[in-house]
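Position 1 is the first residue of the sequence, and the numbers go up from there. One-based numbering, in listed order, for ligands and for the atoms of each. Side chains are part of it too, since the values below use all heavy atoms of this structure and drop only hydrogens, waters and symmetry mates.
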Amino acid sequence: MCGITGCVLKEGPAAPLIHESLKRLEYRGYDSCGEATVDGGRLYIKKDRGTIDEVHRRLNLDDLPGRLGIGHTRWATHGAPTRVNAHPHVDCDMQIAVVHNGIIENFAELRMELEELGHKFRSKTDTEVVPHLVEEYMRNGMDFVDACREAIKRLRGSYALAILHAGESRIVCARRESPLVLGVGEDGVYFASDIPAFLPYTNRVVFIEDGEMVVVTEEGYEIRRISDWTPIERRPQLIEWSVEMAERRGYPHFMLKEIHEQPACLRNTLRLREEYLELMTKFLDRAEELFLVACGTSYHACLAASYLFSKLACKSSHPVIASEFIQNYGRALGIGSTILAVSQSGETADTLSAVAYARDKAATILGITNVVGSTLTRLARVYICQQSGPEIGVAATKTYTSQLSVLTQLAIRLGMVRGKIGHVEGEELVDWLWRIPGKVEEVLASQEGRVMELARKYAGSERFLFFGGGINLATAMEGRLKLLEISYIPSLAYARVEDYLLGFVDGATTAVFVCPNTNSGKRLIDDMTLIRDYGVSILALVEEGDDEVHEVADEVIELPHMPLEELTPIPYIVPLQLLAYYISVERGLNPDKPRNLAKSVTVK
Ligand code: F6R
């Protein structure tokens, strides 16, 4: 996730406003940033790695001349956070500057085509193909706007784009899957990835839709559908949010906003670069002995991965909580050991200690993280960035489902490489993975109200038990962690109802069963009946239409059909994240700021 912004003003310098707007978008990314403006037929650019404040201290982002400009704050996904990879990116002649949020899937083939035509690239980013494409179409005689349109038509993937030309007093923006909004003010027109960027200047907002391009001038804006160039009339609407509320896009807490961001984050994980997935799969395949090492939520992703690797690829692995690793597995490590460390921050002290120790023992280190440039990316032989964008809520939500998606993709590839999954089956599984973001959207749309009701009903429970069999032991454990961490209600998680639990439960206990329509799910029905006899309230996550569970449970939350148990953890965790969130709110707590917890545990 990155943030883009910019404006065309009637008077006065644009750069200080763009700088302020970038500050308000910093929650979308902060490893590098940049601005470009146009004045007197010339393009001016400043950009560097570092936070906006650091870059401003070094370069002064406010003194670029001109009434129009664009800005970008980055969260690296393609290419390390360096000056050269920071946005804006330019064409060969430094006439065109582009900022971009999203992932251009076909950038490699476009880059090759453009290089053959003589274009010189400076960065490793996918974005840089855009200014060169526009340049190419302009070289062939098109005007700026037509060239932008033709260039955009060539892009596959997701984008919110803003394109500036040295000889123009207008800016072209376009959107596909990444957010883009206009702000229409008295003194000019603004645009950004998100409303807070320009909210102090105007609250008259126009939302740009997928497949649309906008030409922004000081007087106004013209929206057209890219495919057939139909003009689109859309009037500004008034937004009554405060800047603070707008940063959470109207959600009362970052946690809820991030729960709702999951479909978009999951789509991002499906656009990972082939070569990284391939390379990581190769290392996983070759591993004589494979450890999956992480803490907290990331450990639950590892636990799920051990089932995925085993069931889809017949590859056994050991999921280990990082703080337990050195003491218990250290002596066994050697050149044949491979450690796949999973850490959204890439900075968790226990995970890094385990990795450093294993590296000293000549083990191969692989990493999955959300932060390019984090210590884990520097220690790992190969790493994959899970592309979730910054997560502000302390309780991990979107980063968990993104990790699951990356790990499922790796398991499918591993299964194919090892001859355990045939081509047709592999393609079907990948096809299902692409449907998961839509399924999560369905769950959010259809079940959130229901979960709120249940949260009201069960917020007073004295204890919770979570049960999930097979791969959904990870779901049960993660559901329990979410609830415990933001509601402080004593909770336990198990695969099955153990006899000794029966002495501990009563009418003040709520048991949550993760029961997809699979063997492991069905096995829990007897357990439900058993524990219900002790007065426990039963809440079950079931596949829609599964009447068998309905008969036993007090309450059900319905989830869409998934063809395979291994694909259920992503949709099934979503209601449990919502349940934890709404119970925390019901109990008058702040889910974004759990007691005594920091987002990143960088000390042991
Ligand atoms: C739970 C949570 C923590 C982290 C854990 C690992 O909601 O946020 O338990 O999952 O501290 O963090 P990373 O993934 O950054 O290594």
Side-chain angles (χ1 to χ4, degrees), residues 75 253-259 261-262 265 269 291-305 319-325 339-356 358 365-380 383-407 466 474-489 491 493 569 573-574 576-581 583-584 589-604:
W75 185 261
H253 297 99
F254 280 107
M255 183 178 172
L256 189 59
K257 171 175 168 277
E258 286 158 1
I259 290 173
E261 277 170 4
Q262 292 181 108
C265 295
T269 62
F291 295 95
L292 312 174
V293 179
C295 294
T297 292
S298 298
Y299 167 74
H300 297 151
C302 287
L303 183 61
V320 187
I321 296 174
S323 57
E324 294 291 293
F325 185 70
I339 315 298
L340 172 57
V342 179
S343 170
Q344 86 81 20
S345 62
E347 299 294 352
T348 298
D350 284 329
T351 309
L352 293 180
S353 301
V355 161
I365 310 297
L366 311 174
I368 296 178
T369 181
N370 192 28
V371 185
V372 176
S374 61
T375 309
L376 179 57
T377 63
R378 292 197 293 275
L379 293 175
Y383 70 85
I384 286 180
C385 173
Q386 58 179 81
Q387 321 250 18
S388 321
E391 190 172 60
I392 313 257
V394 168
T397 51
K398 62 177 182 171
T399 52
Y400 177 62
T401 45
S402 295
Q403 286 167 348
L404 289 177
S405 176
V406 174
L407 289 161
F466 290 80
T475 311
M477 289 175 72
E478 177 58 10
R480 166 201 168 249
L481 171 58
K482 286 296 84 95
L483 184 73
L484 197 54
E485 141 177 77
I486 60 173
S487 300
Y488 323 120
I489 304 178
S491 315
I573 193 59
V574 176
L576 298 186
Q577 296 169 338
L578 288 170
L579 185 70
Y581 171 80
I583 287 184
S584 171
L589 302 165
N590 179 353
D592 278 347
K593 294 205 169 70
R595 290 198 293 252
N596 305 330
L597 276 183
K599 182 73 191 155
S600 195
V601 187
T602 53
V603 285
K604 297 220 292 169

Flag side-chain contact, heavy atom, 4.5 Å: [X] against [Y]:
X: Asn370; Y: Trp75; result: yes
X: Leu379; Y: Leu352; result: yes
X: Ile392; Y: Glu258; result: yes
X: Val394; Y: Ile486; result: no

Flag [X] as yes when one of its N or O atoms lies below 3.5 Å from any N or O atom of ligand 1, and as no otherwise.
X: Gln403; value: no
X: Ala396; value: yes
X: Ser345; value: yes
X: Val394; value: yes

Can you find a side-chain donor-acceptor pair between Glu391 and Thr399 that sits under 3.5 Å?
-> yes
Under 4.0 Å from any heavy atom of [X], which atoms of ligand 1 are there?
X: Ser298; result: 10 (O), 13 (P), 14 (O)
X: Ala395; result: 7 (O)
X: Cys295; result: 5 (C), 6 (C), 10 (O)
X: Thr348; result: 6 (C), 12 (O), 13 (P), 15 (O), 16 (O)

Min heavy-atom dist Lys482 to ligand 1 below 4.0 Å | yes
Considering only heavy atoms, does Thr399 approach ligand 1 within less than 4.0 Å through its side chain, its backbone, both, or neither?
-> neither
How does Glu485 reach ligand 1, if at all, at less than 4.0 Å between non-hydrogen atoms: by side chain, backbone, both, or neither?
-> side chain
List in chain and number order the residues that pass side-chain hydrogen bond (donor to acceptor under 3.5 Å, both in side chains) with Ser491, two or more places apart in sequence or in another chain; answer none if no residue qualifies.
-> none
Which of Thr377, Leu340, Ile368 passes side-chain contact (heavy atoms from CB on, under 4.5 Å) with Tyr383? It is Thr377
Output every pair passing salt bridge (charged side-chain N to carboxylate O under 4.0 Å, His left out) with a member in residues 393-406, not counting sequence neighbours, ordered by first then second residue.
-> Glu261-Lys398
